[in-house]
Engineer: 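The structure's right below; bear with me while I get my questions together.
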Amino acid sequence: MSEKLDKIGADRDRAKEKRDQWDARYKELCQKYIQQENTEIHEMVRAQNMTPDQLAEVLKALQSGMFPSMGAPAPASPAGGYTTSEDKEDEQDED
């Protein structure tokens, strides 16, 4: 083979080795991420003194729509633009 072809082939082989190393590193980081995520979820559940059965009930309730979904916008305020009676009182005090 030609010298140029040998050089390109060697570069290709090195690139493949690097890719394999990065693929392995990516898989390792994915596993660490999942482990840490699970640890944090576990700590949150324990902090609430929930049993696995209680957690299952909460999750079922979330799925069935019993609780507002996470990050959902707040409901529109009633006519007049007040969200609570305290808000209305605060504005009247300012007048």
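When reading the values below, keep in mind they use all heavy atoms of this one structure, side chains included, and skip hydrogens, waters and symmetry mates.
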Engineer: Which donor-acceptor pairs under 3.5 Å do the side chains of residues 18-30 make with protein atoms, sequence neighbours left out?
Structural biologist:
unit_1	atom_1	unit_2	atom_2	d
Asp20	OD2	Lys16	NZ	3.2
Arg25	NH1	Glu28	OE2	3.4

Engineer: Suppose we screen for side chain to side chain contact (heavy atoms under 4.5 Å, CB included). Which residues come up paired with Leu59, at least two apart in sequence or across chains?
Structural biologist: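 Here the qualifying residues are Leu55, Leu62.
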
Engineer: So, using side chain to side chain contact (heavy atoms under 4.5 Å, CB included) as the criterion, who are the partners of Ser2 when residues are at least two apart?
Structural biologist: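 Once residues adjacent in sequence are excluded, the partners of Ser2 under the side chain to side chain contact (heavy atoms under 4.5 Å, CB included) criterion are Lys4, Leu5.
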
Engineer: Kindly list each side-chain donor-acceptor pair under 3.5 angstrom involving residues 42-50, sequence neighbours excluded, with atom names and distances?
Structural biologist:
none

Engineer: Side chain to side chain contact (heavy atoms under 4.5 Å, CB included) with Thr51: which residues, sequence neighbours excluded?
Structural biologist: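 Per chain and number, Thr51 pairs via side chain to side chain contact (heavy atoms under 4.5 Å, CB included) with Asp53, Gln54.
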
Engineer: Check side chain to side chain contact (heavy atoms under 4.5 Å, CB included) between Asp11 and all other residues, then give those that pass, not counting sequence neighbours.
Structural biologist: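 Checked Asp11 against side chain to side chain contact (heavy atoms under 4.5 Å, CB included); matches are Lys7, Arg14.
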
Engineer: The criterion is side chain to side chain donor-acceptor pair (under 3.5 Å); which residues satisfy it with Gln36, sequence neighbours excluded?
Structural biologist: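 Once residues adjacent in sequence are excluded, the partners of Gln36 under the side chain to side chain donor-acceptor pair (under 3.5 Å) criterion are Glu40.
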
